[in-house]
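A short worksheet on the structure shown next.
The shown structure was predicted, so the numbers you read here are calculated from the model rather than taken from an experiment.
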Amino acid sequence: MNASAIRYYEKLNLVPAPYRASGQRRYTDEAVYRVLLIRFARRMDFSLEEIKIFLSGLNDKAPVGQRWRRLAHSKIKQVDETVLRAQRLKSLLEHLLHCRCASLRQCVDRLSLSPRLRLLRNATK
């Protein structure tokens, strides 16, 4: 990870400031774990504000706060939606690997890509 990113996280109070030895920054184990967690959370699409809430909820000396619980529930919902989208994408790709549809319309109908279109078509019949 770039040193500038770590300094930025320090500035945001996500990572405790390091102590210095012979002019070099020395980080505690906790700081290293926080940086690893921040990096993971960023890859999982957490915003920096969400990471602040997340890290403030991970305190050995205090119970998990209400803001942290709301964030967790919100993220679980987002993850469920992402899993559903990924499953639909996988299904689409698997279908397209073996597609023998005579037309694009037939393919869209088979995949139920537009239930609204199907309802409109059925209403005109």
Q. Can you get from Val79 to Leu37 by hopping between Ile, Leu, Val, Met, Phe, Trp and Tyr side chains that sit under 4.5 Å apart?
A. no
(Q) Can you tell me how far apart NE2 (His73) and NZ (Lys75) are? Round to the nearest 0.5 Å. (A) 14.5 Å
Q: Could you name each residue pair satisfying salt bridge (Lys or Arg N to Asp or Glu O under 4.0 Å) that touches residues 1-17, not counting sequence neighbours?
A: Glu10-Arg25
Q: Quick one: which residue pairs count as a ring-ring contact (aromatic ring centres under 6.0 Å, His included) with a foot in residues 24-46, not counting sequence neighbours?
A: Phe46-Phe54
Q: Please round to the nearest 0.5 Å and tell me the distance separating atom CD1 of Ile51 and atom CG of Leu12.
A: 9.5 Å
Q) Is it true that a side-chain atom of Glu50 and a backbone atom of Ser47 form a donor plus acceptor pair closer than 3.5 Å? A) yes
Q) About how many Å separate CZ of Arg39 and CD1 of Ile6, when rounded to the nearest 0.5 Å? A) 9.0 Å
**Q.** Arg85/Arg88 under side-chain contact (heavy atoms from CB on, under 4.5 Å): CA gap, chis, key distance, verdict
**A.** CA-CA 5 Å; Arg85 280 193 315 272; Arg88 288 186 73 205; 5.7 Å; no
Q: Measure across Arg34 and Leu14 and return the closest heavy-atom pair with its distance rounded to 0.1 Å.
A: NH1-O, 2.9 Å
Q.
I want to check something: taking the side chain as every heavy atom from C-beta on, are Leu93 and Leu97 in contact at a cut-off of under 4.5 Å?
A. no
Q. Are Lys90 and Gln87 side-chain neighbours, meaning at least one heavy-atom pair lies under 4.5 Å?
A. no
Q.
Show the nearest heavy-atom pair for residues Val15 and Ile38, with the distance to one decimal.
A. CG2-CD1, 3.7 Å
Q: Let me know which of Val83, Leu84, Ile76 forms a side-chain contact (heavy atoms from CB on, under 4.5 Å) with Asp80.
A: Ile76
Q. Going through the distances and angles, do Arg42 and Leu48 end up as a side-chain contact (heavy atoms from CB on, under 4.5 Å)?
A. CA-CA 8 Å; Arg42 293 296 288 159; Leu48 288 174; 3.9 Å; yes
Q. Hey, are the side chains of Thr28 and Val32 touching, using non-hydrogen atoms and a 4.5 Å cut-off?
A. no
Q) Among all residues two or more places apart in sequence or in another chain, which pass the side chain to side chain contact (heavy atoms under 4.5 Å, CB included) test with Ser22? A) none
Q) If you round to the nearest 0.5 Å, how far is CD of Glu49 from NZ of Lys52? A) 5.0 Å
